[in-house]
Amino acid sequence: MYTVCKTLEISAAHHLALHYPSKCAGLHGHNWIVKVWCAAKKLNEDGMVVDFAHIKEQIHGRLDHANLNEVLGFNPTAENIAKWIVDIVPHCFKAEVQESAGNLAIYEL
């Protein structure tokens, strides 16, 4: 099994739709650290699991310097973003989304 991991930093804003009072309900931003894990039993015709540039394009290209509420069609919690990444990146089995030094969400198949 071949495994690759791409780490990205994304600067983005969001607000959360919550069922309780929270300052996170207001628009605010993070410098997100995102790790995207992909695996394959066989390499593609170019000798890769997936091109790192394609991962960057799909994630960084869509989310960096964006209001995530306007770009994504769901409540942009770190947990939901991690699942979204696994769903859209080919061969992705795990995504880690860190919105600040002490807050990390992981989604794994």
Side-chain angles (χ1 to χ4, degrees):
M1 181 69 70
Y2 297 93
T3 303
V4 296
C5 179
K6 173 71 174 166
T7 302
L8 307 159
E9 183 172 355
I10 297 165
S11 297
H14 71 155
H15 69 275
L16 300 180
L18 302 171
H19 293 92
Y20 56 89
S22 171
K23 63 182 180 179
C24 293
L27 187 64
H28 63 284
H30 300 284
N31 288 326
W32 310 78
I33 303 296
V34 174
K35 288 188 178 183
V36 180
W37 296 82
C38 300
K41 291 183 180 181
K42 291 174 48 179
L43 299 178
N44 67 19
E45 59 198 22
D46 299 310
M48 297 181 229
V49 173
V50 61
D51 190 320
F52 291 124
H54 293 162
I55 296 172
K56 182 176 180 181
E57 181 181 309
Q58 290 182 316
I59 307 304
H60 193 270
R62 293 182 187 182
L63 303 184
D64 191 52
H65 286 80
N67 179 339
L68 301 182
N69 296 84
E70 295 174 357
V71 175
L72 302 172
F74 52 82
N75 194 24
T77 63
E79 295 89 340
N80 284 335
I81 295 168
K83 182 177 184 318
W84 175 78
I85 291 168
V86 170
D87 289 344
I88 68 159
V89 175
H91 306 291
C92 184
F93 68 92
K94 178 179 176 181
E96 301 178 15
V97 177
Q98 183 175 352
E99 66 178 23
S100 62
N103 299 325
L104 173 67
I106 300 170
Y107 181 81
E108 188 169 1
L109 292 178

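Predicted model only: the values in this text are computed from it and were never measured.
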Does atom CZ of Phe74 have more than 12 heavy-atom neighbours from other groups under 6.0 Å away? yes
Stepwise side chain to side chain contact (heavy atoms under 4.5 Å, CB included) check, Cys38 with Ile55: CA-CA 10 Å; Cys38 300; Ile55 296 172; 4.1 Å; yes
Got a sec: does the NZ of Lys94 have more than 12 other heavy atoms crowding it under 6.0 Å? yes
Walk me through whether Val50 and Lys6 qualify under side chain to side chain contact (heavy atoms under 4.5 Å, CB included). CA-CA 10 Å; Val50 61; Lys6 173 71 174 166; over 6 Å; no
Mind listing the closest non-hydrogen atom pair of Asn75 and Asn80 along with its distance? O-ND2, 2.8 Å
For a side chain to side chain contact (heavy atoms under 4.5 Å, CB included) with Gln98, tell me which candidate from Leu104, Val34, Ile106 qualifies. Leu104
Examine His28 together with His14 and report whether their ring centres are nearer than 6.0 Å. yes
Under the side chain to side chain contact (heavy atoms under 4.5 Å, CB included) rule, what do Tyr107 and Ile85 come out as? Steps first, then yes or no, please. CA-CA 9 Å; Tyr107 181 81; Ile85 291 168; over 6 Å; no
Single-linkage hydrophobic cluster Leu8~Ile81, side-chain heavy atoms < 4.5 angstrom: yes
What pair of heavy atoms forms the shortest contact from Trp37 to Cys5, and how long is it? CE2-SG, 3.5 Å
State whether the side chain of Asp46 and the backbone N or O of Met48 hold a donor-acceptor pair below 3.5 Å, judged by distance alone. no
Flag side-chain contact, heavy atom, 4.5 Å: Trp32 against Leu63: no
On a heavy-atom basis, the closest approach of Val89 and Ile59 is CG2-CD1, 3.8 Å
Of the non-hydrogen atoms in Leu18 and Cys24, which two are nearest, and what is the gap between them? CD1-CB, 4.3 Å
Spacing of NE2 belonging to His60 relative to OG belonging to Ser11, to within rounding of 0.5 Å: 7.0 Å
Rounded to the nearest 0.5 Å, the CD1 atom of Ile10 sits from the CZ atom of Arg62 at a distance of 11.5 Å
How long is the gap from CD1 on Ile88 to NZ on Lys83, to the nearest 0.5 Å? 11.5 Å
Reported CD1-to-CD distance for the pair Ile33 and Glu96, which is rounded to 0.5 angstrom: 11.5 Å
For Gln58 and Trp84, work out which heavy atoms get closest and say how close. O-CH2, 4.1 Å
Compare every heavy atom of Thr3 with every heavy atom of Ala39, then report the nearest pair and how far apart it is. CB-OG1, 3.9 Å
